[in-house]
Participant: 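Next up is a structure, given as structure tokens.
Below, chain A is the first sequence line, B the second, and so on; all start at residue 1. Excluded from the calculations below are hydrogen atoms, water molecules and symmetry mates; all remaining heavy atoms, backbone and side chain alike, are included.
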There are 2 protein chains.
Amino acid sequence: METYFAVLSQFIHFSPESKEAFAAAIKRLELPKGYVLVKEDTICNYLYFVESGLTRTYYFKDGKDITDWISPENSFACSIVSFITRKPDRRIIELLEPSVLYAISYEKLEELYSLFHEIERLGRLLVSSGMVQMQQKFDDQHFETAARRYQTLMKTNPSLLLRVPLGMIASFLGITQETLSRIRSQV
Amino acid sequence: METYFAVLSQFIHFSPESKEAFAAAIKRLELPKGYVLVKEDTICNYLYFVESGLTRTYYFKDGKDITDWISPENSFACSIVSFITRKPDRRIIELLEPSVLYAISYEKLEELYSLFHEIERLGRLLVSSGMVQMQQKFDDQHFETAARRYQTLMKTNPSLLLRVPLGMIASFLGITQETLSRIRSQV
DNA sequence: GGAAGCTTTTGACATTAATCAAAAAATCAA
DNA sequence: TTGATTTTTTGATTAATGTCAAAAGCTTCC
């Protein structure tokens, strides 16, 4: 739990009260590899912080499995659109490794937002930071060749390549597994 | 200004004090077509609301002009990453039509965030809504053919096709102008 | 009204990446 | 270890899109 608060404290300063309330609101989960956090076409009701392990968010499009996001330790996992809009989404979240997570429910978070201005701020800053990451991901793909996408990922997130199967990396980059395999062999 | 508050009021309820403070913080701008709101490689210091008119956010990549976002009336225009991170960005914002805008500076907005919990909430909700839009845009392009991207845009935003030159639409969709022209002729 | 400057279309061709199929390699469990 | 399963690589072919070049169509503004 301390690492979670260390991450959050980069965004805001907790008052003793807000920290206690937040700590009381989160649930610790220790789950095996393959566990499904969010099922297909359901509403995502929790925001997850990955203390250790690895999660994958993916969906099926025309029968194909497309990886949307990968969350390693010290980052968040959530079916964002569903969590925000309160609507079911096709995105599934599964664990690629046995993981320790902290979960906070949508309702609890809303309650904390209302009770504590600084937690409302935390929420704003977390979403803002997510926005920056998402824009980065978009730019990395827009008008980029398959090879350059792979090179960018190698630079920014080399550890993922060791922990995540190639097919998942490929769809994350918006290319096929075969193309990615060929790119790798040409280095 | 009333339409601006009407849009904002979909997210929060203003207290008389916060509404007055917000109203005092925004500046009305009436600017001609072609005017550049944010220059290349500068920090974006304002969040713009488009009351009437049309803005385009774009950047140069390998010498090519790539349209990143288009904001019609009743929406926001901002070089988001720069505004959030306070760093210069390659993104340029220009007016595609003579426009009436309301601008609020980063500093003023931060001040209002600190003074009014409900404006902090407004900020969180606006960024959240931007996040949903961005995800939608990403999904519309990920593993989609040029033709389907165009069809999706026609469905969701047909008016843009009448107001924005084809080349700008094409790069917005992540395809070349020639390809888009050929797609259009095949309908 | 017409020349100048944009924007859009069309054509020929090159390139990239997808698809389909199968083999090779790696991983996992009994 | 060994067989079963999954993952990755390789090959042949096809389809989609980009590039370069030029023509055609629109604006606009003296």
Side-chain angles (χ1 to χ4, degrees), chain A residues 32-36 53-54 56 58 60-67 70 92 94-98 139-154 158-187, chain B residues 32-36 54 56 58-67 70 92 94-98 139-154 158-187:
Chain A
K33 175 176 176 172
Y35 187 89
V36 174
L54 192 62
R56 173 171 85 113
Y58 69 103
F60 291 104
K61 178 171 202 163
D62 306 325
K64 271 169 276 179
D65 166 324
I66 298 177
T67 297
I70 294 168
I92 299 155
E94 63 169 17
L95 301 186
L96 292 186
E97 298 177 359
D139 290 353
D140 287 347
Q141 307 218 358
H142 208 51
F143 280 107
E144 279 302 353
T145 62
R148 291 186 68 89
R149 293 178 194 189
Y150 177 66
Q151 286 158 3
T152 301
L153 185 67
M154 279 209 301
S159 63
L160 284 195
L161 301 171
L162 304 169
R163 296 166 76 185
V164 181
L166 201 69
M168 295 177 188
I169 298 278
S171 67
F172 183 64
L173 295 177
I175 60 181
T176 62
Q177 171 167 314
E178 293 93 327
T179 296
L180 182 52
S181 174
R182 278 181 248 266
I183 286 166
R184 290 213 302 182
S185 69
Q186 280 166 10
V187 185
Chain B
K33 174 176 176 173
Y35 187 89
V36 173
L54 192 63
R56 174 172 83 115
Y58 70 102
Y59 58 88
F60 290 105
K61 178 171 202 163
D62 307 324
K64 270 169 276 180
D65 167 323
I66 298 177
T67 298
I70 294 169
I92 299 155
E94 63 169 16
L95 301 186
L96 292 186
E97 298 177 358
D139 291 353
D140 287 348
Q141 307 217 358
H142 207 51
F143 280 107
E144 278 302 353
T145 62
R148 291 186 68 88
R149 293 178 194 191
Y150 177 66
Q151 286 158 4
T152 300
L153 185 67
M154 278 208 303
S159 62
L160 284 194
L161 300 171
L162 303 169
R163 296 166 76 184
V164 181
L166 202 69
M168 296 177 187
I169 298 278
S171 67
F172 183 64
L173 295 177
I175 60 182
T176 61
Q177 171 167 316
E178 293 93 327
T179 296
L180 182 52
S181 175
R182 278 182 248 266
I183 286 166
R184 291 213 301 182
S185 69
Q186 280 166 10
V187 185

Participant: Pick the closest DNA chain D nucleotide for A/L180 and for B/A146 by heavy atoms, then say which residue is nearer the 5' end.
Facilitator: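 Final value for this comparison: A/L180.
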Participant: Counting just side-chain N and O atoms, does B/K33 come under 4.0 Å of either OP1 or OP2 of D/dT28?
Facilitator: no
Participant: Choose from C/dT19, D/dT10, C/dT8 the nucleotide whose nearest atom is closest to any side-chain atom of A/S185.
Facilitator: D/dT10
Participant: Contact between A/Q177 and A/M168 at the side-chain level, heavy atoms closer than 4.5 Å - yes or no?
Facilitator: no
Participant: From C/dA17, D/dT17, D/dT8, pick the nucleotide closest to the side chain of B/T145?
Facilitator: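 Among the listed nucleotides, the one closest to the side chain of B/T145 is D/dT17.
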Participant: Taking OP1 and OP2 of D/dT17, is either one under 4.0 Å from a side-chain nitrogen or oxygen of B/T179?
Facilitator: no
Participant: Which nucleotide sits closest to the side chain of B/E178: D/dT9, D/dT17, D/dT19?
Facilitator: D/dT19
Participant: Counting side-chain heavy atoms from CB outward, which of D/dT17, D/dT8, C/dT9 is closest to A/P165?
Facilitator: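 Ranking D/dT17, D/dT8, C/dT9 by closest atom to the A/P165 side chain puts D/dT8 first.
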Participant: Is there a side-chain contact between B/R184 and the phosphate of C/dT9, meaning an N or O under 4.0 Å from OP1 or OP2?
Facilitator: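 The answer is yes; a side-chain N or O of B/R184 sits under 4.0 Å from OP1 or OP2.
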Participant: Among C/dT9, C/dA12, D/dA12, which nucleotide has an atom closest to any side-chain atom of A/R182?
Facilitator: D/dA12
Participant: Test of understanding: with side-chain hydrogen bond (donor to acceptor under 3.5 Å, both in side chains), list the residues that count as partners of B/R56, not counting sequence neighbours.
Facilitator: B/D65, B/T67, B/E94
Participant: Base, sugar-phosphate or nothing for B/I175? Non-hydrogen atoms, less than 4.0 Å.
Facilitator: sugar-phosphate
Participant: Less than 4.0 angstrom between a side-chain N/O of A/T176 and OP1 or OP2 of C/dA18, yes or no?
Facilitator: yes
